[in-house]
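Only a predicted model underlies this, so the values are computations on that prediction, with no experimental measurement involved.
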Amino acid sequence: MLELHPTEQQSAYAVVAIVFGVALVTPFVLRRETVSHRVLIFAVTIVLSARYIVWRATETLAPFGATWDCLVTWSFFLIEAAALVSSFSAFVILMRRKNRSPEATAARNWWRPAPPPKVAVLIATYNEEKEVLARTIAGAKALEHPHTVVYVLDDGRRDWLADYCREQAVNYLRRPDNKGSKAGNLNHAVAWLTERGEVPDFVAVLDADFVPHRNFLTRALALFHRHNVGLVQTPQHFFNPDPIQHNLGLSRSYPDEQRFFFDHLQPSRDGWDIAFCCGTSSVVRWTALVDVGGFPTESVTEDFLMTLVLEAKGWHTAYLNEALTEGLAPEGLKEYVTQRARWCLGLMQIVRSEYGPFSLRKPLRLRDRWSVLDSLLYWVTTYPFRLAAFIYPLLYWYFGTIAVYASVPEILSHFGAYYVWTLFALNFISRGLVIPIVNDVSQLLGAIPIIRATWTGLIRPKNRSFKVTAKGGDRSHFVVQWRMMAPFLVLAALTLVGLFVGFLSDRFVFSDAGEGKSIVLFWSLYNLMTLAVTMMVCVEMPRIESHLDDRPQRVLMRLDDGLHRVWLTDLTQQSALVRGVVLAEGSPVEISVRDVGDVSGYVIETTPDGGLISLDTTDRQYEALLRRLYAEGSAPGVTRTRIGAILHDLVFGSHVR
């Protein structure tokens, strides 16, 4: 009888192969929408994660003692373990999911036979350009719900905006100071409405760069048929790529960084009844708003705090996962990082407030405390671990100190199995949104300022200024963010030098490291790839247009020689690309655009089968075009990962005009 005795490495490969094989089969057996199936998938994830961290704690650490080995191995382990605790919490949250779309459809017009409720649409603005505000105002005016009144709340006190609002027949409000930032601006409007006796039934909140779709209110208001619902939040979608998408040329193949949160984590949080307000694209019941004394100002992220304040008074937050608004993602890398650091700071302020997870001053449910604690764990652990993963391998190359004492088979068996299954689980429920390296880059970019904001917020939470995310502006040039790139450039240089010296001489690092050296080698090579991509993102590519409708449509175009039927593509606020006709540069044209009318223009660039037309719209046509581009349709941009398209874009590029 033949007996097989696999080696330790063969056994390790077998473990990873089994996990990988089960992961391949699972999508054909389980459904991501079924709660019991999600519980099973994430229960396995937690078991494999626990198996990994127990192995790390018992088999990979240096003995206690006054040695550098002890300090390095134990410090890295504690950082990693803390991050894994945060992951455990996220895994439990992702076990559930709630879809409120059928409820919104069934409860449509729940107020009948009473008249439709009155809604005040509050557009908070500070320093946005006219082009940004024009599309938001146009979308708000086009809302389907009757009895809607639009208010533009100008904290920038700009006379030109007052004149523009008068032209657009919308209300304009300004206040003498900026106390309380955005929340203070909203509260000033609430007080003004109360004093004037123009009290609405509901208040919709929009950031200056977020355009509501026509059905935003009709869908969101439906969930208020439950009388204990104080706020309805809808997801944020973006019509322009974020800096990571754009600078890597992945605008049409890889979703924006917030899709996982809005499309998957928030519905899962809603399954536990802990979804929270995200500011813009939300609707709040007026009686609930009055009950809690307006929008809270104790945190620079007044939105999350708003949910807790409402919950303490018995008002719940519901999440409707439908694309009902679309806005402007941060266009620059600095703005991208500043925004996330502000979110982090705001959460730390909440943790230190009377609504913190350990505070007993407010009657919060246990699940609400868990909600805040989960967010705290994310900000406090994820970014330090991401940064540590790039620093600790250097300790081996320069000082001969290993952070993880393990053999290759042990790493494969424990870390490999845990990593493969976790990657599968997250991608299974999110339709492929979690991609190694790209996800690492998004966290690494903000690691240093977010770590700074974490401890600043925890130690000194008071009197922190609200940093507005800049929107619009000229983005038509290459910009290298050297200051942001510098830490990654240093890490890459140190890693390269360490690898080079380590290959040349075993005397520079400990020659008895054995397989540990192979592990650090692979670790360092992965870090180098991630750092290279991170530095690529720090080179900001030009942006000329932030939104386009690239669905081809047949239209009529008038030229000097008569009418022509052409294909219209890439429609923007200022231009349109046409195909199927020979054009001469500079020649005048008239093109028929659906829902806009006959628009004059001229050819600014020719192509072999058409050309680029500069549009000369009237004020009425421009407003209609804004509604066409931003207030209609479904989710803009990319919402699912397309691996084949990503590979194509990385090789050939995909920067839109």
Report summary line: Rounding to 0.5 Å, atoms CG (Leu445) and CG (Leu333) come to a distance of 5.5 Å
Query raised in the report: Is there side-chain contact between Val284 and Phe295, with at least one heavy-atom pair below 4.5 Å?
Result: yes
Query raised in the report: Has Asp177 got more than 12 heavy atoms of other residues, nucleotides or ligands less than 6.0 Å from its CG?
Result: yes
**Report entry** Min side-chain heavy-atom separation Ile450-Trp379 under 4.5 Å
**Finding:** yes
Requested in this report: Among Leu328, Leu625, Leu629, find the residue that satisfies the side-chain contact (heavy atoms from CB on, under 4.5 Å) test when tested with Arg135.
Outcome: Leu328
Query raised in the report: Using 4.0 Å as the upper bound for N to carboxylate O, is an ion pair formed by Arg431 and Glu33?
Result: yes
Query raised in the report: Should we say atom NZ of Lys334 is surrounded by more than 12 heavy atoms from elsewhere, each under 6.0 Å from it?
Result: no
Report summary line: CD1 (Ile613) and CD (Glu590) are apart, to the nearest 0.5 Å, by 12.0 Å
Query raised in the report: Is a side-chain donor-acceptor pair under 3.5 Å present for Arg579 with Thr569?
Result: no
Requested in this report: List in chain and number order the residues that pass side-chain contact (heavy atoms from CB on, under 4.5 Å) with Asn171, two or more places apart in sequence or in another chain; answer none if no residue qualifies.
Outcome: Val149, Tyr151
Query raised in the report: Would you say Trp567 and Arg554 make side-chain contact, with heavy atoms under 4.5 Å?
Result: yes
Query raised in the report: Who pairs with Asp242 by salt bridge (charged side-chain N to carboxylate O under 4.0 Å, His left out), at least two apart in sequence or on another chain?
Result: none
Query raised in the report: Between Leu186 and Leu153, is any pair of side-chain heavy atoms under 4.5 Å apart?
Result: yes
Query raised in the report: Residues in side chain to side chain donor-acceptor pair (under 3.5 Å) with Asp154, at least two apart?
Result: Arg158, Tyr172
Query raised in the report: Between Glu103 and Lys98, is there a side-chain N and carboxylate O pair less than 4.0 Å apart?
Result: no
Query - Within residues 210-223 or reaching into it, pairs that qualify as salt bridge (charged side-chain N to carboxylate O under 4.0 Å, His left out) - sequence neighbours excluded - result: Arg214-Glu632, Arg219-Glu322
Report task. Could you pull out the closest heavy-atom pair between Tyr630 and Val211, with the gap in Å? Result -> CB-CG1, 3.6 Å
Query raised in the report: Can you check side-chain contact (heavy atoms from CB on, under 4.5 Å) on Leu583 and Val578, steps first, answer last?
Result: CA-CA 10 Å; Leu583 298 173; Val578 297; 3.7 Å; yes
**Report entry** Note, Val593 side chain near Arg628 side chain (heavy atom, < 4.5 Å)
**Finding:** yes
Query raised in the report: What residues form a salt bridge (charged side-chain N to carboxylate O under 4.0 Å, His left out) with Arg96, not counting sequence neighbours?
Result: none
Query - From CZ (Phe262) to CG (Asp256), nearest 0.5 Å - result: 9.0 Å
Query raised in the report: Does a side-chain heavy-atom distance below 4.5 Å link Ser282 with Met306?
Result: no
Requested in this report: Determine whether Glu326 and Phe238 make a side-chain contact, defined as any pair of heavy atoms from C-beta on separated by less than 4.5 Å.
Outcome: no
Query raised in the report: Does the side chain of Leu289 come within less than 4.5 Å of Trp315's, by heavy atoms?
Result: no
Query raised in the report: Are the side chain of Thr572 and the backbone of Gln574 linked by a donor-acceptor contact shorter than 3.5 Å?
Result: yes
Query raised in the report: Any salt bridge (charged side-chain N to carboxylate O under 4.0 Å, His left out) pairs touching residues 276-299, not counting sequence neighbours?
Result: none
Query raised in the report: What do you reckon, are the aromatic ring centroids of Trp111 and His145 less than 6.0 Å apart?
Result: yes
Query raised in the report: About how many Å separate NE2 of His213 and OG1 of Thr325, when rounded to the nearest 0.5 Å?
Result: 7.0 Å
Query raised in the report: Strictly under 6.0 Å, is that where the ring centroids of Phe276 and Phe261 end up?
Result: yes
Query raised in the report: Crowded around Arg174 CZ? As in, over 12 foreign heavy atoms under 6.0 Å?
Result: yes
Query raised in the report: Do other residues, nucleotides or ligands put more than 12 heavy atoms under 6.0 Å from Arg565 CZ?
Result: no
**Report entry** Taking every non-hydrogen atom, the tightest pair across Phe202 and Val283
**Finding:** CB-CG1, 3.9 Å
Report task. With rounding to the nearest 0.5 Å, note down the distance linking NE2 in His237 to OG in Ser281. Result -> 9.0 Å
Query raised in the report: Measuring from Arg175:CZ to Arg157:CZ, what's the distance to the nearest 0.5 Å?
Result: 7.5 Å
Report task. Check step by step if side-chain contact (heavy atoms from CB on, under 4.5 Å) holds for Tyr126 and Asn178. Result -> CA-CA 9 Å; Tyr126 176 63; Asn178 299 108; 4.2 Å; yes
